[in-house]
Protein chains: 2
Amino acid sequence: MTYSDKLISYYKIIANDCVLGVSLDCVIFGFHDTRLKVFLLRWKETDEWCLPGGFIYKTESVDDAASRVLYERTGLNQLFLQQFHLFGDANRYDRDDTWQRQKMPMPFSGAWPDRTISMGYYALVDYTKVTPTADFLSDACDWFDVGELPSLLYDHCRIINVALQTLRLQLNWQPIGLNLMPEKFTIPELQRLYEAVLGRPLDSRNFHKKITGLSILTRLDERRTGKAHKSPYLYQFDQLNYQKALINGNLIFV
Amino acid sequence: MTYSDKLISYYKIIANDCVLGVSLDCVIFGFHDTRLKVFLLRWKETDEWCLPGGFIYKTESVDDAASRVLYERTGLNQLFLQQFHLFGDANRYDRDDTWQRQKMPMPFSGAWPDRTISMGYYALVDYTKVTPTADFLSDACDWFDVGELPSLLYDHCRIINVALQTLRLQLNWQPIGLNLMPEKFTIPELQRLYEAVLGRPLDSRNFHKKITGLSILTRLDERRTGKAHKSPYLYQFDQLNYQKALINGNLIFV
DNA sequence: TTTTCATTGTGTACGATTAACATAAAGAAA
DNA sequence: TTTCTTTATGTTAATCGTACACAATGAAAA
């Protein structure tokens with residue numbers, strides 16, 4: 001059975017078991033080495049990349065389908081995962097061009113409707129805890145700097161941009177630190193995250209004042225050592241106060 | 001041809017021409033007499049109400065479908081209309097109970113998939129400019145106070161609540177006045193709108209200061225007369241400055 | 001061993017914004 | 001003419017955001 005045959009039978013199964021004409025795409029954000037990263041898959045036998053995505057089983061809720069996709073690609077569960085936009089244009093992307101770049105076998109058409117609507121989700125994950133796993137359609141996966149994306153299939157470039165815009169807006173009253181940072185971190189490291197998302201530098205003195213003022217952090221007795229210069233304290237999020245602040249909408253941050 | 005037959009043939013046409021298993025629902029907000037209102041339709045031959053909604057033609061973008069539904073129900077075009085949530089639970093509502101309340105003819109099943117995903121849109125409209133128009137499935141339509149909703153079909157009660165939550169959040173950096181108010185209005189009237197959306201009273205002195213400070217209003221030489229007490233000035237939105245403020249994100253308002 | 005130097009942690013001062021509060025003017029009704 | 005409710009506007013104190021300075025740290029360089 002050739003790859004082409006496998007692909008066709010795969011899509012036939014999907015068409016049978018899943019909601020027809022609807023897909024979902026996950027923009028998985030991570031943070032590493034002062035950069036905001038996005039998780040991508042490389043389409044098999046090509047140099048084209050795309051977002052992890054999937055289809056919705058007929059008896060599955062859409063949010064559950066998104067969780068499932070995320071789990072399968074990262075090994076992580078119970079993540080920060082949010083709908084952010086439905087991509088529903090009748091001509092979201094140039095289908096012929098895309099199929100050609102995907103090296104899609106041509107008997108493929110007919111097994112799937114002409115147009116697909118895609119629900120966009122974005123996830124915030126702890127980069128250090130992810131076990132990157134490629135899917136059936138891809139032979140590699142990797143993190144990319146949001147500022148340096150490779151050649152992307154479909155309208156996935158636009159989807160990532162809309163996700164990023166949404167993330168920047170949500171930063172104002174949503175907790176992004178808890179989801180994107182490892183368990184222990186320093187305040188300067190957290191500041192790098194905010195700077196990476198906002199795309200501009202922040203004043204370290206004001207950042208420190210603001211973030212500690214929210215009383216969502218607990219300072220540990222440990223310090224991050226090994227580097228030149230003064231060793232910074234390690235912090236943890238105070239889960240309880242974090243949730244309280246969330247509910248009260250006190251996490252406003254610009 | 002009975003109503004029941006018409007209904008069945010209507011759904012057959014929809015199933016043929018539209019994206020299968022996906023619908024959209026519009027929460028149309030208006031403002032009248034100090035109250036925030038929602039536009040609802042009464043399901044034919046019942047006392048049950050529901051949101052205006054519809055399906056997406058196979059070659060139509062989802063946003064266009066929402067505009068179309070909105071135009072057909074209100075006669076208004078080019079409105080403030082936004083996606084706010086995809087309602088994608090596998091069991092969004094009790095289907096048997098709903099069909100019974102709708103007095104749905106039972107041969108109906110089979111013409112449509114078991115579960116429907118619905119994209120929620122919300123619209124902000126000028127109550128005075130709306131021409132309420134019922135659709136094929138309804139024999140009446142009316143505005144309801146968001147606090148006093150009638151018996152609603154499907155999960156439309158939840159959809160309205162999620163829309164309202166979203167509206168309250170968006171109030172912070174989105175312009176709601178321009179879309180919900182008539183062309184000319186007084187500042188106290190605008191304040192009633194903000195109070196209706198937020199669900200709490202605002203200080204009139206601070207409100208006046210804040211709203212005029214945004215320089216998005218133009219004071220006219222007219223006053224609203226006829227009532228006892230001091231007659232208030234009429235204002236208009238300054239479209240140009242309004243757009244500028246929007247782009248700069250200066251419409252923060254709590 | 002001493003010096004260097006980027007980085008961390010903390011504090012202060014000023015201006016802008018918000019929130020709380022009072023009073024005079026308008027205008028129809030009594 | 002008086003009454004009474006609503007509108008318009010001003011003041012003050014508290015809070016928050018922004019700009020800015022300096023001492024402490026600790027490995028690396030000299």
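Predicted, not measured: the structure shown is a model, and the values here were computed from it. Throughout, a chain's letter reflects where its sequence line sits, starting with A, and its residues are numbered from 1.
- Between Ile211(B) atom CD1 and dT17(C) atom P the separation is 15 Å, expressed in whole Å.
- If you measure from atom CD1 of Ile187(B) to atom P of dA8(D), you get 7 Å, rounded to the nearest angstrom.
- Scored by the ring-ring contact (aromatic ring centres under 6.0 Å, His included) test, Phe185(B) finds Phe237(B) as partners (sequence neighbours excluded).
- A close approach under 4.0 Å does occur between a side-chain nitrogen or oxygen of Arg192(B) and OP1 or OP2 of dT7(D).
- For Asp47(B), the CG atom is loosely surrounded, since the number of other residues' heavy atoms within 6.0 Å does not exceed 12.
- For Lys209(A), no side-chain nitrogen or oxygen approaches OP1 or OP2 of dG11(C) to under 4.0 Å.
- Applying the side chain to side chain contact (heavy atoms under 4.5 Å, CB included) rule to Thr218(B) yields the partners Asp238(B); only residues at least two apart in sequence or on another chain are considered.
- For His208(A) and dT8(C), the shortest distance from a side-chain N or O to OP1 or OP2 is not below 4.0 Å.
- Separating the CZ atom of Phe207(B) from the P atom of dT18(C) is a distance of 13 Å, rounded to the nearest angstrom.
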Would you tabulate the side-chain donor-acceptor contacts of residues 28-38 of chain A under 3.5 Å, counting partners in other chains and residues two or more places apart, or write 'none'?
| unit_1 | atom_1 | unit_2 | atom_2 | d |
| --- | --- | --- | --- | --- |
| Arg35(A) | NH1 | Asp145(A) | OD2 | 2.6 |

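- If you take CG of Leu234(B) and C1' of dA8(D), they are 15 Å apart, rounded to a whole angstrom.
- Ring-plane geometry between His156(A) and Tyr154(A) is classed as tilted, the angle between the planes lying from 30 to 60 degrees on a 0 to 90 degree scale.
- Of the residues in residues 223-233 of chain A, His229(A), Lys230(A), Pro232(A), Tyr233(A) come within less than 4.0 Å of DNA chain C through at least one heavy atom, sorted by number.
- Rounded to whole Å, the distance from CG on Asp203(B) to P on dC21(C) is 9 Å.
- A donor-acceptor contact under 3.5 Å is not formed by the side chain of Arg205(A) with the base of dA19(D).
- Atom CZ in Arg219(A) sits roughly 15 Å away from atom P in dT8(C) (whole-Å rounding).
- The stretch residues 175-189 of chain B participates, sequence neighbours left out, in these salt bridge (Lys or Arg N to Asp or Glu O under 4.0 Å) pairs: Lys184(B)-Glu222(B), Glu189(B)-Arg224(B).
- The interatomic distance linking Arg200(A) (CZ) with dA19(D) (P) rounds to 10 Å, in whole Å.
- Put simply, CD on Glu189(B) is 14 Å from P on dT6(D), counting in whole angstrom units.
- Annotation: salt bridge (Lys or Arg N to Asp or Glu O under 4.0 Å) contacts involving residues 148-171 of chain A, sequence neighbours excluded, comprise Arg92(A)-Asp155(A).
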